[in-house]
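Here's the structure we're looking at; comments come further down.
Worth knowing before you read on, the calculation uses all heavy atoms, side chains too, and leaves out hydrogens, waters and symmetry mates.
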Amino acid sequence: MKIERQAYDQLPFAIKIGALILWGTQLSSYSEAGRFRQLYQFNDFFAEMCFDEAQQTLTCICTFTELNSLEPYLNSMNWQDFYAEL
């Protein structure tokens, strides 16, 4: 599924979730300060799903293109997966 970041950001919350699960590529996840975050690559941008661990709810989906926003995920990425695809 091809969609521009701006159009994706305008979708209803439930549709964003479904699109990430169906067509996004999960890259990594980490937990910090009661928040569990999953990183997805989706078309030409990244999307981050944020869960509140205490409430056990999905609280937000944030999109970005800036590579410096990937920094919290670098230690938890399995780089072997990337090498296997080369």
Side-chain angles (χ1 to χ4, degrees):
M1 176 182 167
K2 181 68 176 162
I3 188 169
E4 297 290 325
R5 178 182 174 202
Q6 293 78 12
Y8 177 83
D9 287 340
Q10 299 300 313
L11 293 173
F13 194 62
I15 301 297
K16 288 185 202 182
I17 295 167
L20 281 181
I21 292 170
L22 290 173
W23 298 294
T25 301
Q26 186 177 356
L27 299 176
S28 186
S29 62
Y30 78 97
S31 183
E32 179 180 78
R35 300 272 182 195
F36 178 74
R37 300 172 188 270
Q38 289 182 306
L39 177 67
Y40 288 83
Q41 188 275 322
F42 195 70
N43 297 309
D44 59 350
F45 59 91
F46 297 99
E48 180 181 59
M49 291 176 59
C50 305
F51 300 88
D52 183 309
E53 293 180 320
Q55 300 285 330
Q56 296 185 353
T57 57
L58 179 61
T59 58
C60 68
I61 296 176
C62 305
T63 62
F64 59 91
T65 57
E66 303 81 22
L67 294 179
N68 63 337
S69 297
L70 296 173
E71 188 173 331
Y73 292 97
L74 294 178
N75 288 335
S76 61
M77 284 187 161
N78 182 354
W79 295 102
Q80 294 299 329
D81 292 342
F82 291 102
Y83 294 129
E85 293 184 20
L86 293 178

Could you tell me if the side chain of Ile15 sits less than 4.5 Å from the side chain of Gln10, heavy atoms only? no
Is it true that, when you exclude Glu66 itself, more than 12 heavy atoms of the residues, nucleotides or ligands shown sit nearer than 6.0 Å to its CD? yes
What is the minimum heavy-atom distance between Leu70 and Phe64, and which atoms define it? CD2-CE1, 3.9 Å
When you compare the side chain of Gln26 with that of Leu39, does any pair of heavy atoms fall below 4.5 Å? no
Considering only heavy atoms from C-beta outward, does the side chain of Tyr8 approach that of Ile61 to under 4.5 Å? yes
CZ on Arg37 to CD on Glu53, rounded to 0.5 Å: 10.0 Å
Does any non-hydrogen side-chain atom of Phe46 lie less than 4.5 Å from one of Leu27? yes
Is there a donor-acceptor contact under 3.5 Å linking the side chains of Thr63 and Asp9? yes
In short, Arg35 meets Asp52 closest at the heavy-atom pair NH1-CB, 3.6 Å
State the CD-OG distance between Glu48 and Ser28, to the nearest 0.5 angstrom. 10.5 Å
In this structure, NZ of Lys16 is separated from CD1 of Ile3 (nearest 0.5 Å) by 10.0 Å
Hey, what do you get for CZ (Phe42) to CG (Leu22), rounding to the nearest 0.5 Å? 9.0 Å
What's the shortest heavy-atom distance between Leu58 and Cys50, and which atoms? CD1-O, 3.2 Å
Which atom pair, heavy atoms only, marks the closest approach of Phe45 to Glu4? CE2-C, 4.1 Å
